[in-house]
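Everything below concerns the one structure shown next.
Please read all numbers here as calculations on a predicted model, not as lab measurements.
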Amino acid sequence: MTNYGWFPAAGTDVNDIVKMAQDHFQTEIDTVFTPDPVAYARNITFAVVNQFYNPTSELIMTARDQGQLVAWLWVVRGQYTPWSSDEIASVNMLHLDLTKPVRDRIRLVEQAIDIWEVWAGVAG
């Protein structure tokens with residue numbers, strides 16, 4: 001089982017993020033929504049820039065294995081629970097390379113949850 005390193009997403013990660021969505025997850029939505037890779041890339045790019053200038057507003061992290069994107073996550077704050085006025089961090093996305101072994105994918109999800117928890121604490 002590989003222990004992956006996670007790093008803040010950069011503009012150079014956007015194309016790989018969009019490609020992962022198209023390769024592994026587009027079929028999950030294409031009967032409900034019209035996939036638009038340009039809109040997706042634009043939204044990810046805006047979030048990456050926002051994270052750079054406002055690091056506690058959004059969290060976008062990537063994990064790579066020998067240069068290949070194996071996972072990425074996106075969390076935003078400024079959301080609120082319907083039963084309280086307490087702010088929450090809302091997970092927009094967690095995508096994994098579905099060709100990785102199941103144990104690696106479970107490890108990636110575990111690492112992502114740990115990252116979310118630490119970031120939420122730092123973000124308040």
Side-chain angles (χ1 to χ4, degrees):
M1 178 168 53
T2 304
N3 191 18
Y4 298 98
W6 289 81
F7 301 94
T12 54
D13 294 311
V14 172
N15 286 339
D16 288 343
I17 288 170
V18 172
K19 184 171 178 5
M20 178 178 278
Q22 290 175 306
D23 291 348
H24 295 285
F25 302 100
Q26 186 165 305
T27 58
E28 294 177 4
I29 63 140
D30 63 4
T31 60
V32 179
F33 302 106
T34 304
D36 184 348
V38 173
Y40 193 34
R42 180 182 60 243
N43 292 332
I44 297 298
T45 300
F46 286 157
V48 167
V49 171
N50 192 34
Q51 172 181 254
F52 180 78
Y53 287 104
N54 302 297
T56 60
S57 63
E58 298 191 61
L59 175 68
I60 301 184
M61 301 285 287
T62 60
R64 291 185 176 273
D65 183 17
Q66 299 179 16
Q68 291 294 109
L69 183 69
V70 294
W72 77 279
L73 64 89
W74 183 9
V75 182
V76 297
R77 63 181 296 181
Q79 308 295 308
Y80 297 88
T81 64
W83 55 86
S84 169
S85 58
D86 294 339
E87 183 182 13
I88 61 171
S90 176
V91 178
N92 275 1
M93 200 72 59
L94 171 60
H95 278 168
L96 309 171
D97 180 342
L98 298 178
T99 65
K100 290 292 178 192
V102 171
R103 288 185 187 269
D104 282 7
R105 287 184 277 157
I106 291 170
R107 178 72 179 134
L108 285 162
V109 170
E110 178 185 56
Q111 290 175 340
I113 291 169
D114 289 344
I115 290 167
W116 298 336
E117 186 174 24
V118 169
W119 178 81
V122 168

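Within the structure, salt bridge (Lys or Arg N to Asp or Glu O under 4.0 Å) pairs that include any residue of residues 110-124 comprise Arg107-Glu110 (at least two apart or interchain). The salt bridge (Lys or Arg N to Asp or Glu O under 4.0 Å) analysis of residues 37-59, with sequence neighbours excluded, yields no pairs. Applying the salt bridge (Lys or Arg N to Asp or Glu O under 4.0 Å) rule to pairs touching residues 68-84 yields Arg77-Glu87, sequence neighbours excluded.
Linking ILVMFWY side-chain heavy atoms closer than 4.5 Å, directly or via other members, places Val49 and Phe46 in two distinct hydrophobic clusters. In this structure, Trp74 is not a member of the same hydrophobic cluster as Phe7, with clusters built from ILVMFWY side-chain heavy atoms closer than 4.5 Å.
Across Ser57 and Asn50, no two heavy atoms sit closer than the pair OG-ND2, 3.1 Å. For the residue pair Val70 and Leu108, the shortest heavy atom distance occurs at O-CD1, 4.0 Å. Of all heavy-atom pairs between Ile115 and Met61, the closest is CG2-CG, 4.2 Å. Of all heavy-atom pairs between Trp6 and Ala71, the closest is CH2-CB, 3.6 Å. Minimum interatomic distance between Ala9 and Thr62 (heavy atoms only, all atoms of both residues): CB-CG2, 3.9 Å. Across Tyr40 and Val18, no two heavy atoms sit closer than the pair CD2-CG2, 3.8 Å.
Rounding to the nearest 0.5 Å places CD1 of Ile44 at 10.5 Å from CD of Gln51. Atom CG of Asn43 and atom CE of Met93 lie 9.5 Å apart (nearest 0.5 Å). Between the OG1 atom in Thr99 and the CG atom in Asp23 there is a gap of 9.5 Å [rounded to 0.5 Å].
In this structure, the side chains of Trp116 and Ile113 come closer than 4.5 Å at one or more pairs of heavy atoms. Two residues are said to be in side-chain contact when any heavy atoms from C-beta on lie closer than 4.5 Å; Leu73 and Val91 fail this criterion. Side-chain contact between Leu69 and Ile17 is present, with at least one heavy-atom pair separated by less than 4.5 Å. Two residues are said to be in side-chain contact when any heavy atoms from C-beta on lie closer than 4.5 Å; Asp13 and Trp72 fail this criterion. Residues Val109 and Leu94 meet the side-chain proximity criterion, which asks for heavy atoms closer than 4.5 Å.
Gln68 CD: 12 or fewer foreign heavy atoms inside a 6.0 Å radius.
With respect to the salt-bridge test (charged N to carboxylate O, under 4.0 angstrom), the residues Asp97 and Arg105 do not qualify.
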**OP:** Given salt bridge (charged side-chain N to carboxylate O under 4.0 Å, His left out), test Asp65 with Lys100 step by step and report yes or no.
**Re:** CA-CA 10 Å; Asp65 183 17; Lys100 290 292 178 192; 3.1 Å; yes
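No donor-acceptor contact under 3.5 angstrom links the side chains of Asp86 and Thr81, judged on distance only.
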